[in-house]
**Q** 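Before we start, here is the structure in question, set down as structure tokens.
Naming: A, B, ... by sequence-line order, numbering from 1 per chain.
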Amino acid sequence: MYQTNYVKAASTEDAVGHLAKGGQLLAGGMTLIPTMKQRLASPETVVDLAGCGLAGIEDAGDSIRIGAMTRHVDVAESALVQNAIPALAALAGGIGDRQVRNRGTIGGSVANNDPSACYPAAVLGLGGTVHTSTRDIAADDFFTGMFETALDEDEMITAVSFPKVAKAAYVKFPNPASRYAMVGVFVAAGDGHVRVAVTGASSDGVFRHDGMESALSANFDAAALDGASVDVDDMIGDIHAAPDYRAHLVVEMTKRAVAAC
Amino acid sequence: MPEGTTKDGIGAALRRKEDKKFLTGSGRYTADISRPGQLHVHFIRSDHAHAKITSIKTDAAAKADGVVAIYTGEDVAADGIGGPICGWVVTNRDGSPTNEPPHPILANGKVNYVGDHVVAVIAESLQQARDAAELVDISYEVLAPVVDLASAAASMQIHENVPNNMYFDFELGDEAAAEAALADAATVVELDVRNNRLVPNALEPRAALAEYDPVDESYTLFTTSQNPHLTRLVIGAFMLSIPESKLRVVAPDVGGGFGSKIYVYPEEAVCTWVSKKLQRPIKWTADRSESFLADAHGRDHINKVRMALDANNRITGLRVDTLANIGSYLSAFSVVTPTILHAPLLSGCYEIPAIYTNVRGMATTTAPVDAYRGAGRPEATYLLERVMDVAARQVGMDPAEFRRMNFIPKDAFPYQTPVALQYDIGDYEAPLDKALDMIDYKGFEARRAEAASRGKYRGIGLSSYIEACGIAPSAVAGALGARVGLYESATVRVDPTGTVNVMTGTHSHGQGHDTTFAQIVADKLGIGVEQVEIIHGDSDKTPFGMGSYGSRSLAVGGSAIAKAVDKVIDKAKIIAAHLMEAADSDVVFADGKFTVAGTDKEKVLSDISLAAYVPHNYPHDRLEPGLEETAFYDPLNFTYPSGTHIAEVEIDPATGVVQLVDWACCDDFGNLINPMIVEGQVHGGIAQGVGQALLENAAYDETGQLITASYMDYCMPRADDLPDFKVDYTVTACTHNDLGVKGCGEAGAIASPPALINAVINALTPIGVTDMSMPASPEKVWRAINDATQAQAAE
Ligand SMILES: Cc1cc2nc3c(=O)[nH]c(=O)nc-3n(C[C@H](O)[C@H](O)[C@H](O)COP(=O)(O)OP(=O)(O)OC[C@H]3O[C@@H](n4cnc5c(N)ncnc54)[C@H](O)[C@@H]3O)c2cc1C
């Protein structure tokens with residue numbers, strides 16, 4: 001790790017002030033700290049968000065609002081989330097290991113937009129809203145590419161809202177080594193329309209699959225996906241899974257998610 | 001598991017004495033130790049697989065904050081520092097010796113793998129050393145990397161004195177006889193297998209802390225070693241020319257080794273060397289990335305196997321041609337592992353009249369490869385137990401029955417194999433039968449059908465292994481090229497009050513010696529285990545010993561302890577006779593009491609020890625005072641654990657995921673001292689074997705970069721990858737040590753990979769899959785299923 005300064009922000013405004021001066025936000029540190037330890041990141045100042053009052057889960061009527069600093073364990077164990085959107089609680093409970101879930105936060109995960117992360121699939125699959133220090137951003141506009149988001153440089157996430165849908169499920173095929181999603185599919189059905197969000201598979205990060213969405217909107221049954229296919233050219237290829245295998249898994253995990261709904 | 005007895009002695013399933021400190025985080029590891037005024041060293045490592053160093057500019061770095069010194073290979077050469085030596089070499093087929101290239105502790109003009117040590121930056125803090133390292137400017141002229149083992153011989157030569165990149169060309173057995181058997185065979189079975197490369201991944205990374213004392217001109221080196229005396233010998237005598245008496249090597253608590261901490265590495269030698277130059281303690285702790293790059297890796301063989309069967313399906317001959325990847329330099333046991341620890345195992349537990357093998361050890365621009373849990377025996381067992389299954393399939397026999405009919409019968413011991421070993425004792429059918437029972441082998445087809453109804457392929461696979469451990473008879477080892485002896489040592493010191501200190505030359509880095517060894521002593525002396533302390537890992541405190549590896553600690557080290565205890569008892573009896581005014585021959589020692597036959601006279605150990613150290617009333621004419629004895633034990637033979645492991649798997653055809661659903665094993669380790677510790681060793685060994693068979697793979701890309709250099713890509717087994725293991729034992733006691741024990745530390749890792757791969761193939765046999773390489777990753781299995789179903793559809 002390089003020498004770095006540490007400040008603990010007292011509020012969102014305070015944090016944004018430090019952010020504007022080039023500070024790097026620190027949430028659970030599960031991604032940032034290892035990156036710093038490997039000297040791949042060298043922020044001059046890290047701005048700890050733990051004192052900003054951003055943790056907490058609220059029932060907002062049609063949706064659930066989860067503060068940016070809410071840890072994965074708290075989402076996984078929340079009775080509110082378990083009742084309203086059980087797929088979301090299950091997703092949070094399947095992230096990393098116990099230690100990671102006890103530190104990692106939804107804000108950190110969504111801001112980071114790791115192409116193998118689980119939360120982006122839920123945000124996009126449920127059609128959620130990302131609340132920031134300046135505005136509300138619809139999920140469809142938020143994730144702009146691998147590790148890229150619509151956030152401006154001096155903008156931070158304060159909360160994420162998820163609509164309560166009739167049916168939803170997330171099925172993850174873990175990378176055998178890292179246990180991040182090698183392919184993860186979030187399927188949500190409500191209002192006669194089905195959303196299918198895929199993580200882990202594409203070099204552009206999380207994406208929706210139009211073909212499978214229309215097939216499932218017409219007939220919400222795993223069998224509706226027989227013959228469905230995913231463009232192999234868009235798929236990540238690595239030592240764990242070549243593009244064609246990933247493409248196959250996307251359809252297979254989508255079927256399983258539908259069956260689990 | 002057998003029921004624990006309430007007694008502390010041999011056979012009791014006692015909880016480990018050492019676990020309190022480990023489980024409460026109170027272990028004291030090398031990195032936990034700090035010395036006043038210590039400096040930190042950071043190693044700049046090569047990021048090229050193969051390159052000439054054209055220049056190293058250190059001026060800017062030398063001026064950076066906190067930097068005390070920067071050293072390169074030129075400084076090493078100028079000081080005449082030697083490299084780590086190869087501890088065991090072999091003679092080539094043509095009678096020439098192993099080609100041993102130099103291995104400078106900092107690269108001198110050339111780097112030979114990604115991770116090779118190039119520059120040592122020494123600073124007041126680690127942070128400063130790492131910051132300064134970024135200012136060092138190294139220019140390289142990149143050379144062609146040598147990564148692919150199969151084509152290594154035809155690739156660019158790496159070392160001047162290693163033509164064709166071949167370190168050695170070893171053979172064992174009778175080639176003409178094996179070829180004749182193959183020519184006359186009713187059935188010839190052929191198999192090509194690859195034993196995948198592994199990274200050892202000890203929980204604790206390597207570390208070293210060296211301190212020079214200018215007053216008495218001596219050094220102390222704390223290091224993560226499985227054998228501190230060997231480290232002292234090699235660094236002192238071969239590398240730094242320090243009198244052995246002036247170098248103390250301490251291996252405190254060590255968090256796992258699996259072989260990787262046997263060898264002397266450049267880093268610890270650099271720390272020791274620099275501690276005198278700078279007259280300040282020098283500390284180094286590897287980070288996990290360095291462990292991946294620069295710990296000696298394991299396995300990495302390509303084997304071509306041909307087996308001959310007669311018309312009755314009895315094995316008549318075997319030929320194995322092996323290419324072993326030895327990597328960029330010859331690590332200490334890199335030559336012996338694929339040769340002496342591999343070739344003699346090719347008879348397995350079978351009667352095979354003719355065997356021949358050729359092993360070529362190849363240089364590549366990858367990390368050095370050396371012994372890793374099992375060391376040579378897993379590679380031999382893998383190819384043999386795989387070809388046994390292929391043979392059984394080819395002749396249409398049940399794999400269990402095919403093994404059984406080819407077993408060495410239990411009345412044939414001692415059994416001389418055609419590949420040098422003489423097995424002292426064994427009974428291979430007993431554990432096979434038990435394991436078949438434990439897993440309900442007969443019921444398997446019903447389970448397969450039930451799984452099929454759920455859309456899963458279910459398979460079962462066996463491996464009946466033997467291994468040779470408890471290394472080793474020194475004379476035999478010496479005749480085979482060892483440069484060290486392989487006896488073990490122990491001092492047993494009874495204190496005046498009757499408590500006991502045992503100084504052992506073995507080293508415990510997770511094996512539970514504190515408990516197992518204490519049980520031996522407690523049992524023999526009739527005292528409680530809490531009265532026995534085991535001291536190890538400090539060359540100043542323990543007699544010269546060879547350390548722990550090759551499942552030798554109990555069979556060799558434990559035997560030395562038992563022998564020393566026997567000497568203590570012999571002396572104590574004479575003292576007891578004196579105290580009780582009896583003839584020596586009338587004194588009986590049993591259950592911790594010295595008694596005189598036919599009287600009610602009685603003394604306990606503490607009476608004797610007190611008399612020995614306060615010798616007011618003492619047989620001075622016959623004995624020296626004190627009650628302390630040392631014994632060295634050189635084994636007469638290897639010990640030969642054996643047994644059968646059976647794996648059962650279910651495969652999801654839609655994803656290729658192999659789920660391990662059941663495991664039964666029955667091992668013959670001879671007598672068990674602590675069944676709970678033995679079971680732990682079995683579990684750990686199987687977990688490592690499951691890792692190799694399903695998950696782990698150290699992969700280099702074509703440029704020689706290690707692409708599995710972190711846990712994001714290198715897949716270790718986790719608890720939820722494993723089923724509950726069914727573990728049981730049969731016993732044929734080792735005939736040549738008094739304890740009747742065999743080694744148990746590596747058996748699980750030796751036996752398990754072929755059982756698992758055989759199970760995977762068995763599951764997929766109905767759809768026409770006949771081969772599977774390790775690791776059987778989801779993608780690989782999915783492809784095999786796809787290819788087979790497409791081939792079937794095309795028919
Ligand atoms: C061993 C391991 C396994 C894991 N497995 C999984 C897995 O299976 N699935 C999965 O989805 N994830 C996984 N993760 C990631 C983990 O779940 C965290 O979600 C992730 O590391 C980021 O969250 P964090 O709170 O730790 O953020 P940090 O590491 O603190 O921050 C990450 C990034 O987000 C920025 N940031 C943080 N908070 C905000 C904010 N409010 N607004 C704007 N930017 C912000 C930071 O500046 C930084 O750039 C794993 C991590 C580890 C270490």
**Q** What part of B:S777 gets within 4.5 angstrom of chain A, counting heavy atoms only: side chain, backbone, both, or neither?
**A** neither
**Q** Could you give me the CA-CA distance, side-chain angles and deciding distance for B:R45 and B:E290, then say whether salt bridge (charged side-chain N to carboxylate O under 4.0 Å, His left out) is met?
**A** CA-CA 9 Å; B:R45 297 174 184 276; B:E290 290 182 286; 2.9 Å; yes
**Q** Would a line drawn from the ring center of B:H48 to the ring center of B:Y113 be shorter than 6.0 Å?
**A** no
**Q** If you count the non-hydrogen atoms of other residues, nucleotides and ligands that lie under 6.0 Å from CZ in B:R454, is the total more than 12?
**A** yes
**Q** Using non-hydrogen atoms only, which part of A:F173 is less than 4.5 Å away from chain B: side chain, backbone, both, or neither?
**A** side chain
**Q** Would you list the pairs meeting side-chain hydrogen bond (donor to acceptor under 3.5 Å, both in side chains) in which at least one residue belongs to residues 172-189 of chain A, sequence neighbours left out?
**A** A:R179-B:D720, A:R179-B:D721
**Q** In terms of heavy-atom proximity below 4.5 Å to chain B, should A:R246 be classed as side chain, backbone, both, or neither?
**A** neither
**Q** Which pairs would a plain distance check flag for residues 40-47 of chain A, meaning a side-chain donor or acceptor within less than 3.5 Å of a matching protein atom at least two apart in sequence or in another chain?
**A**
none

**Q** Ion pair present between B:R783 and A:D244, side-chain N to carboxylate O less than 4.0 angstrom?
**A** yes
**Q** Checking B:A699 against chain A: side chain, backbone, both or neither under 4.5 Å from a heavy atom?
**A** neither
**Q** Should A:K37 and B:D287 count as an ion pair when the cut-off is N to O under 4.0 Å?
**A** no
**Q** Check whether any side-chain heavy atom of B:D295 sits under 4.5 Å from a side-chain heavy atom of B:V199, and report yes or no.
**A** no
**Q** Between A:H209 and A:S229, is there a donor-acceptor pair closer than 3.5 Å when you use the side chain of the first and the backbone of the second?
**A** yes
**Q** Which residues in residues 700-711 of chain B have a heavy atom less than 4.5 Å from any heavy atom of chain A?
**A** B:I707, B:T708, B:Y711
**Q** What parts of residues 248-261 of chain A touch chain B if we use heavy atoms and a cut-off under 4.5 Å?
**A** A:H248, A:L249, A:E252, A:M253, A:R256
**Q** Between B:R197 and B:E696, is there a salt bridge with N-O shorter than 4.0 Å?
**A** no
**Q** At a 4.5 Å cut-off on heavy atoms, which part of B:M716 comes close to chain A: side chain, backbone, both, or neither?
**A** neither
**Q** Do the side chains of A:I95 and A:C118 get nearer than 4.5 Å, heavy atoms only?
**A** yes
**Q** Between B:S125 and B:Q128, is there a side-chain donor-acceptor contact under 3.5 Å, judged purely by atom types and distance?
**A** yes
